[in-house]
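Below is one structure, written out as structure tokens; the observations come after it.
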Amino acid sequence: TLLGFIVTDLPISPKGLQKMLSFAGQRSFNCISVDGDMSTNDTICMIANGAVDTPTIDVESKEFNEICEQVTGFAQKLAQLVVRDGEGATKFVTVKVQNSKTFDDAKIIAETISNSMLVKTALYGEDANWGRILCAIGYSKLDNVTSLVNEKLNVSFVATDSSEPAELPLLVNGVPNLNVDEARASEILALPDLKIVVDLGTGSEECNFWTCDLTHEYVTINGDYRS
Amino acid sequence: NSGKKVVDKYALYVPKTGVFPKGYEVGSFASGVKKNGNLDLGVIVNTNRTNFESSASAVFTTNRFKAAPVLKSKQVLENSQYRNINAIVVNSGCANSMTGEVGMKDAEAMCQLVNTTLGTPDSTLVMSTGVIGQKLQMNKISHGITEILQNKSNYGSDFPAWLNLAKSICTTDTFPKLITSSFKLSTTGKEYTLTGIAKGAGMICPNMA
């Protein structure tokens with residue numbers, strides 16, 4: 001179960017706060033997955049008590065977008081901590097789907113990759129199994145496939161440390177990279193933090209989703225929770 | 001993989017200090033709902049009494065079977081028009097989910113006890129996490145709420161109080177999740193603070209609305 005709250009001393013109107021939390025939540029807590037299961041209790045609450053002496057922030061206020069961005073970035077940091085503490089997790093993985101026709105399509109694809117047990121076990125085993133990533137993209141439940149054009153699709157692993165080359169292309173314009181540097185792939189997959197980048201090439205929207213690997217330890221923890 | 005380096009996540013991700021927003025006090029208590037005796041109950045209270053009436057918002061699970069605290073908090077927010085919410089009470093160890101009418105009464109009783117103690121009617125939200133399908137041990141919870149709000153157990157606005165609150169909502173988490181940041185408004189230069197606490201390690205793929 002995900003529970004959380006964010007509190008601030010700014011004065012924010014109820015309508016402003018609702019819009020802020022909705023925007024931030026859609027790009028943070030609704031973009032994480034440990035195991036693909038949704039709880040009956042998930043709740044994120046935000047309170048603004050107005051202890052700071054400044055005019056009330058409303059949707060129309062000049063500062064609204066600035067604060068909304070700050071709250072979103074803050075919520076992302078908090079949400080990412082949950083993934084880092086995923087039961088049994090040894091890796092923190094950012095799945096970035098970019099250049100999508102719509103945000104919703106980018107999110108659906110990112111979420112499908114993030115929830116794939118086979119992708120997650122490959123990440124644990126440090127196996128550069130890009131076929132599983134493609135497979136997940138292919139069965140993602142998009143309303144239509146206008147965001148997805150085979151010849152424009154690119155998939156890469158990206159290192160998050162300063163090592164070079166940072167990006168390892170696995171699929172280039174719909175064609176598998178048959179000369180994947182397996183040694184470099186192993187180096188990237190051995191990192192505790194790494195990124196999977198899917199470039200759809202059909203638009204300009206993007207979504208980041210955060211997930212972790214699936215390990216033996218996850219099974220140990222969850223085979224014996226109630227007792 | 002057996003040779004993988006073990007990372008001390010607590011040392012990496014738990015802060016050792018922090019600045020917190022003005023006008024909040026928090027408390028926590030080990031009520032005994034958790035079998036291991038760890039902290040399992042927390043309360044956050046808005047103590048700001050300026051002219052501004054606090055505002056609140058929340059996003060909730062879209063699971064069709066919503067737990068009693070979800071239904072109760074939603075009701076409180078709607079009835080209050082998202083204003084004048086002054087406390088959140090959270091317990092861990094028992095989710096108070098799939099508990100029917102008894103569960104609703106227990107969630108209401110938790111809110112009511114906080115409201116009565118603080119003297120602020122209809123201004124408390126409630127959250128629960130833990131095992132699904134078990135009733136709350138309300139005698140322990142009620143005692144714990146009294147300990148926090150009347151006897152001020154682990155109660156305050158300093159870093160240890162906030163960290164203990166973060167610990168009190170954990171279940172299988174290996175570290176408490178507490179972050180805090182201050183920002184300056186570009187228009188006026190006024191500084192404000194955001195503090196966030198979360199819990200979760202498994203059953204995580206929220207789709208809240």
Donor-acceptor contacts, no H, no angles, side chain residues 9-17 of chain B, under 3.5 Å, sequence neighbours left out:
{"residue": "Lys9(B)", "atom": "NZ", "partner": "Arg84(A)", "partner atom": "O", "Å": "2.7"}
{"residue": "Lys9(B)", "atom": "NZ", "partner": "Ala89(A)", "partner atom": "O", "Å": "3.0"}
{"residue": "Tyr13(B)", "atom": "OH", "partner": "Arg84(A)", "partner atom": "NH1", "Å": "3.2"}

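Heavy atoms of Ile88(B) lying under 4.5 Å from chain A belong exclusively to its side chain. Neither the backbone nor the side chain of Leu77(B) comes within less than 4.5 Å of any heavy atom in chain A. Of the atoms belonging to Thr50(B), it is side-chain heavy atoms, and not backbone ones, that fall under 4.5 Å from chain A. For Leu125(B), the part lying near chain A is the side chain, with the backbone staying farther off; criterion is any non-hydrogen pair under 4.5 Å. Proximity to chain B involves both the backbone and the side chain of Val71(A), based on heavy atoms less than 4.5 angstrom apart. The contact between Thr62(B) and chain A is made by backbone and side chain atoms together, counting heavy-atom distances below 4.5 Å. In this structure, chain A has a heavy atom under 4.5 Å from the side chain of Pro69(B), while its backbone stays farther away. Contacts of Phe183(B) with chain A are made by side-chain atoms alone, with heavy-atom separations under 4.5 Å and no backbone atom involved.
Between chain A and the options Asn86(B), Val70(B), Ile44(B), Val59(B), the largest number of non-hydrogen pairs under 4.5 Å is found for Val59(B). With chain A as the partner, the residue from Ser73(B), Ser57(B), Ser128(B), Gly200(B) showing the most heavy-atom pairs under 4.5 Å is Ser57(B). If you tally non-hydrogen atom pairs under 4.5 Å between each of Ala190(A), Gly25(A), Ala51(A) and chain B, the highest count goes to Ala51(A). Ranked by non-hydrogen atom pairs under 4.5 Å with chain B, the options Val52(A), Leu17(A), Asn222(A), Val83(A) are led by Leu17(A). Each of Leu21(A), Thr1(A), Ile32(A) has some count of heavy-atom pairs under 4.5 Å with chain B, and the biggest count is that of Thr1(A). Counting heavy-atom pairs closer than 4.5 Å to chain B, the top residue among Asn41(A), Thr56(A), Asn115(A), Ile6(A) is Asn41(A).
For the atom pair Thr172(B) OG1 and Glu87(A) CD, the distance stands at 3.5 Å (nearest 0.5 Å). Rounded to the nearest 0.5 angstrom, Ile67(A) CD1 and Leu194(B) CG are separated by 9.0 Å. Atom NZ of Lys199(B) is separated from atom CG of Leu81(A) by 14.0 Å, given to the nearest 0.5 angstrom. Residue Leu185(B) holds its CG atom at 5.5 Å from CG of Leu10(A), rounded to the nearest 0.5 Å. Residue Lys77(A) holds its NZ atom at 5.0 Å from OG of Ser181(B), rounded to the nearest 0.5 Å. Atom CG of Asn207(B) is separated from atom CG of Asn30(A) by 5.0 Å, given to the nearest 0.5 angstrom.
Of all the heavy atoms in Phe74(A) and Gly196(B), the pair that sits closest is CZ-N, 3.4 Å. Taking each heavy atom of Cys45(A) and Met127(B) in turn, the nearest pair found is CB-CE, 3.7 Å. Of all heavy-atom pairs spanning Trp162(B) and Val7(A), the tightest one is CH2-CG2, 3.8 Å. Of all heavy-atom pairs spanning Thr187(B) and Lys62(A), the tightest one is CG2-CB, 4.4 Å. The two residues Phe29(A) and Pro206(B) come nearest to each other via the heavy atoms O-CG, 3.3 Å. Leu2(A) approaches Ile204(B) most closely through the heavy-atom pair N-CD1, 3.8 Å.
Within residues 91-107 of chain B, the residues having any heavy atom under 4.5 Å from a heavy atom of chain A are, by residue number, Ala95(B), Ser97(B), Met98(B).
Of the possible polar contacts, one joining the Asp9(A) side chain to the Lys22(B) backbone as a donor-acceptor pair under 3.5 Å is found. A side-chain donor-acceptor contact under 3.5 Å links Thr61(B) to the backbone of Ser39(A). Side chain of Asn49(A) to backbone of Asn46(B): no donor-acceptor contact under 3.5 angstrom is found. The main-chain N or O of Ala67(B) is never found under 3.5 Å from a side-chain atom of Thr40(A) such that the two would form a donor-acceptor pair.
Here the side chains of Met208(B) and Ile44(A) are in contact, with some heavy-atom distance below 4.5 Å. Under the 4.5 Å side-chain criterion, counting only non-hydrogen atoms from C-beta, Glu111(A) is in contact with Cys205(B).
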Legend entry - Test log, rule side chain to side chain contact (heavy atoms under 4.5 Å, CB included), inputs Ile47(A) and Ile85(B): CA-CA 8 Å; Ile47(A) 295 181; Ile85(B) 300 299; 4.1 Å; yes
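A donor-acceptor contact under 3.5 angstrom links the side chains of Gln70(A) and Tyr192(B), judged on distance only.
Pairs engaging residues 162-190 of chain B under the salt bridge (charged side-chain N to carboxylate O under 4.0 Å, His left out) rule: Asp85(A)-Lys177(B), Asp173(B)-Lys177(B) [sequence neighbours left out].
Within 6.0 Å of atom CG in Asp193(A), more than 12 heavy atoms from other residues, nucleotides or ligands are found, so the atom counts as buried in its surroundings.
Listed by chain and number, the residues in a salt bridge (Lys or Arg N to Asp or Glu O under 4.0 Å) with Glu66(A) amount to none (sequence neighbours excluded).
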